[in-house]
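Values reported hereafter were calculated over all heavy atoms of this structure, with side chains retained and with hydrogens, waters and symmetry mates removed. Throughout, protein chains are lettered first and strands after them, A, B, ... in sequence-line order, and every chain is numbered starting at 1.
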Amino acid sequence: MDVSNILASHAAKYPSTVVEKDTPLVLDPGYLTVTDLNPIDEDSYKANLEEYLQSTARDGIQALLASLFALPTHPSPDGPLAQLPPPITALPRAKPLPKPKQPTKWERFAAAKGIQKKVREKKVWDEERQEWVNRWGRDGKNKEKEEQWITEVKANADVDFDPVKAARDERKSRVAKNERQRLQNAARSQTAHADREERKKDIEKTLAATRVSTASMGKFDKKLEGEKKLRGVKRKFEPTEISITKEKEASLAILSKLDGETRRSKREKGEDDTLNVRKAIRTASRGRGGVALGRESSGRGRGGKRGGKR
Amino acid sequence: MRPLTEDESKSVFTKLANYIGKNLIHLIDRKDEPYCFRLQKDRVYYVSESSMRLSISVARPNLVSLGTCFGKFSKSGKFKLHITALEFIAQYAKYKIWIKPNGEMPFLYGNHVVKAHLGRITEDTPEHQGVIVFSMNDVPLGFGVTARSTVDTRKLDPTAIIVFHQADVGEYLRDEETLF
């Protein structure tokens, strides 16, 4: 029986499951993504946009589904499950890169001195017990002196000298010191360098103000150890020998500023340079002055009024 | 010796502008030779650049004077113009008064100018304006401040003061020790 006819008609009815393109599709099953890098066929794109888009989308989905079914599966109560491979597309970060951690004071010192970081083993060899013991922590080597059953004491030690307590105190103070330094490093990394300088200057300014803010202006205050003498701001003058042209420019600038000030004050007073008021009055009154002019005009005005009443 | 600070220049310039107005630019921006203002022991000197540069080599306590003394700063920071500045402000004066020969001697002894001695005056001189006092043959004698405006002087009696004395050339003799 020849089924090739049926198969051919079936194949014609349904598009092929094998997608073949000029540029192969980029598949990323990890993100369930297909990227079609082929150039758009302009003719079919313009002829029927919807059909063209659907056909390209179909090809892409077909290729993706084919790749998904090619993945190895393992059975589960809900049916076979496939593990998606890790994605290959590099996506940009959603968040900015974390800022580099501020180096601690020791790290900065070590970098300046060229000291290499050495990783200390957590365990150390105990010669007496012939085994590896913790450097610190449970049964730590650092607690050896506190836990030994007999301790050597110097001949000149106090009567109430407790060697166990002394050793423990020393260890605890080392821990406290480390904690203090850790906190200081954390505080230092919190604020930027410029901020710190500014705050330092602010604090110094406030301190200087408070030091002279007593009844005696700080004269009879108790001096703290290591306290520096207060210094005021020194006057600063231009050097005697500066470029004469620069000096001239500076004085002309001052002059123009002064000129502006006088003009402004005149304007506020209502004076104006364009009209010489005194001269105008003299001309208008024919040399008899402003008083005479005022009298003349008011007299005329009164006369006119009287005339009106009559 | 040092250049003036901005505040100092301001007070010097306002005082000078009271007498010569905008002609002050001619003092600062001179055509012939660059000049500058220098402060030495509260005194302000108007000095050419070349002699200023020469005087740099003199130590501050040893430097008595240089150029022309224009005036001095009082302890409260006010600037007082000296008679020595007359030479420069007389040539650029905005307002002038001329006094009669019989009024010259009283003015040179440090008295105010009364109306009887007034020869001529620049017209439209306002009240309280810095003026330069000249003799009738145009010799500058000193400077002062007007008590009344030109118009108001007409009505005054002959003994009324019209210019308050500020400085006169008689000070060259009277204040010889402290002037320069």
Query - Closest heavy-atom pair and its distance - Pro239(A), Pro3(B) - result: O-CG, 3.3 Å
Requested in this report: Look at atom CD of Glu241(A) and say whether more than 12 heavy atoms of other residues, nucleotides or ligands are closer to it than 6.0 Å.
Outcome: yes
Query raised in the report: Heavy atoms under 4.5 Å from chain B: which residues of residues 247-259 of chain A carry them?
Result: Glu247(A), Lys248(A), Ser251(A), Leu252(A), Ile254(A), Leu255(A), Lys257(A), Leu258(A), Asp259(A)
Query - Heavy-atom neighbours of Phe161(A) CZ exceed 12 at 6.0 Å - result: yes
Query raised in the report: Got a sec: does the CZ of Arg199(A) have more than 12 other heavy atoms crowding it under 6.0 Å?
Result: no
Query raised in the report: Does Lys94(B) NZ have over 12 foreign heavy atoms under 6.0 Å away?
Result: no
Report task. Mark yes when over 12 heavy atoms from residues, nucleotides or ligands other than Glu121(A) sit less than 6.0 Å from its CD; otherwise mark no. Result -> no
Query raised in the report: When you look at CD of Gln184(A), are more than 12 heavy atoms from neighbouring residues, nucleotides or ligands closer to it than 6.0 Å?
Result: yes
Query - More than 12 heavy atoms from other groups under 6.0 Å of CZ on Arg196(A) - result: no
Query raised in the report: Within residues 96-103 of chain A, which positions have a heavy-atom distance to chain B below 4.5 Å?
Result: none
Query raised in the report: So which bits of residues 121-152 of chain B come within less than 4.5 Å of chain A, counting non-hydrogen atoms only?
Result: Glu123(B), Asp124(B), Thr125(B), Pro126(B), Val151(B)
Query raised in the report: For Lys143(A), does the NZ atom have more than 12 heavy-atom neighbours from other residues, nucleotides or ligands under 6.0 Å away?
Result: yes
Requested in this report: Tabulate, in ascending numerical order, the residues of residues 34-57 of chain B having at least one heavy atom closer than 4.5 Å to a heavy atom of chain A, or enter 'none'.
Outcome: Pro34(B), Cys36(B), Phe37(B), Arg38(B), Glu49(B), Met52(B), Arg53(B), Ile56(B)
Requested in this report: Please look at Thr5(B) and chain A and tell me whether the side chain, the backbone, both or neither of the residue comes under 4.5 angstrom of a heavy atom of that chain.
Outcome: side chain
